[in-house]
Protein chains: 2
Amino acid sequence: MLDKTDQKIIEELTNNGRMTMKELGEKVHLTGQAASSRVARLEDEGILEGYTIKVNKQKIGYSVHCFINIYTRNIHHQPYLSFLDLESEYVLNNYKISGDGCYLLECRFPSNKELDAFLVQLNVHVNYKLSIVINQS
Amino acid sequence: MLDKTDQKIIEELTNNGRMTMKELGEKVHLTGQAASSRVARLEDEGILEGYTIKVNKQKIGYSVHCFINIYTRNIHHQPYLSFLDLESEYVLNNYKISGDGCYLLECRFPSNKELDAFLVQLNVHVNYKLSIVINQS
DNA sequence: GGATAATGCTTGATAAGTGAAAGGAAATGG
DNA sequence: CCATTTCCTTTCACTTATCAAGCATTATCC
């Protein structure tokens with residue numbers, strides 16, 4: 001499905017998603033047009049899902065990064081999931097997991113103040129265990 | 001530091017990091033050149049750290065996504081961290097966290113076979129608790 | 001085996017975007 | 001009140017993207 005050239009394209013675009021097709025072509029030994037049509041194919045196949053940016057969240061005031069293990073008390077998860085939708089400003093990811101707990105929730109907050117308010121509301125729906133990210137290596 | 005326009009720019013580029021500056025300008029009611037110079041400033045300030053792509057990892061053969069709570073047995077973490085460097089193909093993130101455990105390790109594997117081999121080696125350095133992602137909502 | 005089709009590339013012309021320079025409007029400060 | 005700064009727009013030369021056409025290689029089918 002993916003040949004060496006496709007893999008290289010994915011690698012290059014992961015490092016710089018805004019590189020010109022001409023530049024990308026040079027990296028993978030193709031013309032810009034050929035590179036462009038391969039990228040279009042990767043998009044059509046749903047392998048390349050989109051383009052985005054890496055933002056320094058600390059610099060824009062979201063410095064508290066945490067993971068929250070969720071333990072549902074109720075067989076109905078919908079209230080919890082609906083709550084996440086409302087608080088989506090803070091939610092990065094919500095993973096349904098095997099192992100300890102039902103979900104692993106990844107969030108970012110401007111400060112402990114917002115985190116605290118979030119946890120109070122969260123506790124209406126579920127129990128939780130909080131882990132704060134100290135560093136990322 | 002960031003005005004409304006900057007925030008909108010970040011939002012738009014998060015949704016489509018490859019949009020043209022002209023297009024971005026229209027979204028935020030500026031000319032392409034003005035948008036471009038704001039983006040350049042965001043890059044200089046380190047707020048916009050780079051451009052990348054979203055890849056469907058399942059489609060390229062990395063279908064097992066998991067989080068591993070790491071419990072170090074030894075005060076020296078370096079052997080564990082060096083191990084991660086060697087196995088970086090599978091490692092998405094390694095967070096130093098508060099709460100249960102010392103690290104939260106996020107990985108992706110082509111199959112349980114590679115996961116198993118990874119865990120065997122991991123156990124040389126640390127104890128762990130495994131959570132497999134079933135779904136992402 | 002040879003015609004046919006399909007795939008993936010290159011080439012070339014046109015349309016579109018980018019970047020640098022020049023200039024103007026609004027806010028800031030002596 | 002004028003000078004300065006900041007941020008924007010306009011213009012133009014230049015680069016890049018896009019589209020269609022053409023060509024080579026490989027696969028397919030009778």
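So you know, we letter chains A, B, ... as the sequences are listed, proteins then strands, and number each from 1. Atoms considered below: every heavy atom in the structure, side chains included; atoms not considered: hydrogens, waters and symmetry mates.
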Sugar-phosphate only, base, or nothing, as touched by B:S37 at under 4.0 Å among non-hydrogen atoms: nothing

Would you mind reading off the distance between [X] atom [atom1] and [N] atom [atom2], rounded to a whole angstrom?
{"X": "B:L24", "N": "C:dT18", "atom1": "CG", "atom2": "C1'", "result": "14 Å"}
{"X": "A:D3", "N": "C:dT7", "atom1": "CG", "atom2": "P", "result": "15 Å"}
{"X": "B:R41", "N": "D:dC7", "atom1": "CZ", "atom2": "P", "result": "7 Å"}

Pairs meeting criterion side-chain hydrogen bond (donor to acceptor under 3.5 Å, both in side chains) with involvement of residues 51-61 of chain A, two or more places apart: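 Output for this query lists A:E43-A:Y51, A:N56-B:E49.
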
Can you tell me which nucleotide in [options] comes closest to the side chain of [X]?
{"X": "A:L30", "options": "C:dG19, C:dT10, C:dT18", "value": "C:dT10"}
{"X": "A:T31", "options": "D:dA17, C:dT18, C:dT10", "value": "C:dT10"}
{"X": "A:S36", "options": "C:dG17, D:dT18, D:dA17", "value": "D:dT18"}
{"X": "A:A34", "options": "D:dA17, C:dT10, D:dT18", "value": "C:dT10"}
{"X": "A:M21", "options": "D:dC8, C:dT10, D:dA17", "value": "D:dA17"}

Contact nearer the 5' end of DNA chain C, comparing B:M19 with A:H29: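 In this pair, the answer is A:H29.
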
Nearest-0.5 Å distance that lies between atom OG in B:S131 and atom CD1 in B:I68: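 Spacing of OG (B:S131) from CD1 (B:I68) equals 9.0 Å.
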
Polar pair under 3.5 Å, donor/acceptor by atom type, side chain B:Q33, base C:dG17: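 Answer is no: no donor-acceptor pair is held.
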
Contact under 4.0 Å: A:R38 side-chain N or O vs C:dC9 OP1/OP2: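 Affirmative; the distance criterion is met.
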
Under 4.0 angstrom between B:T20 side-chain N/O and C:dA16 OP1 or OP2: no

Aromatic contact, B:Y103 with B:Y71 (centres under 6.0 Å):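 Centroid separation for B:Y103 and B:Y71: 6.0 Å or greater.
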
Neighbour count >12 (heavy atoms, 6.0 Å) for atom NZ, B:K8: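 Counting neighbours around NZ of B:K8, more than 12 heavy atoms of other residues, nucleotides or ligands fall under 6.0 Å, so yes.
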
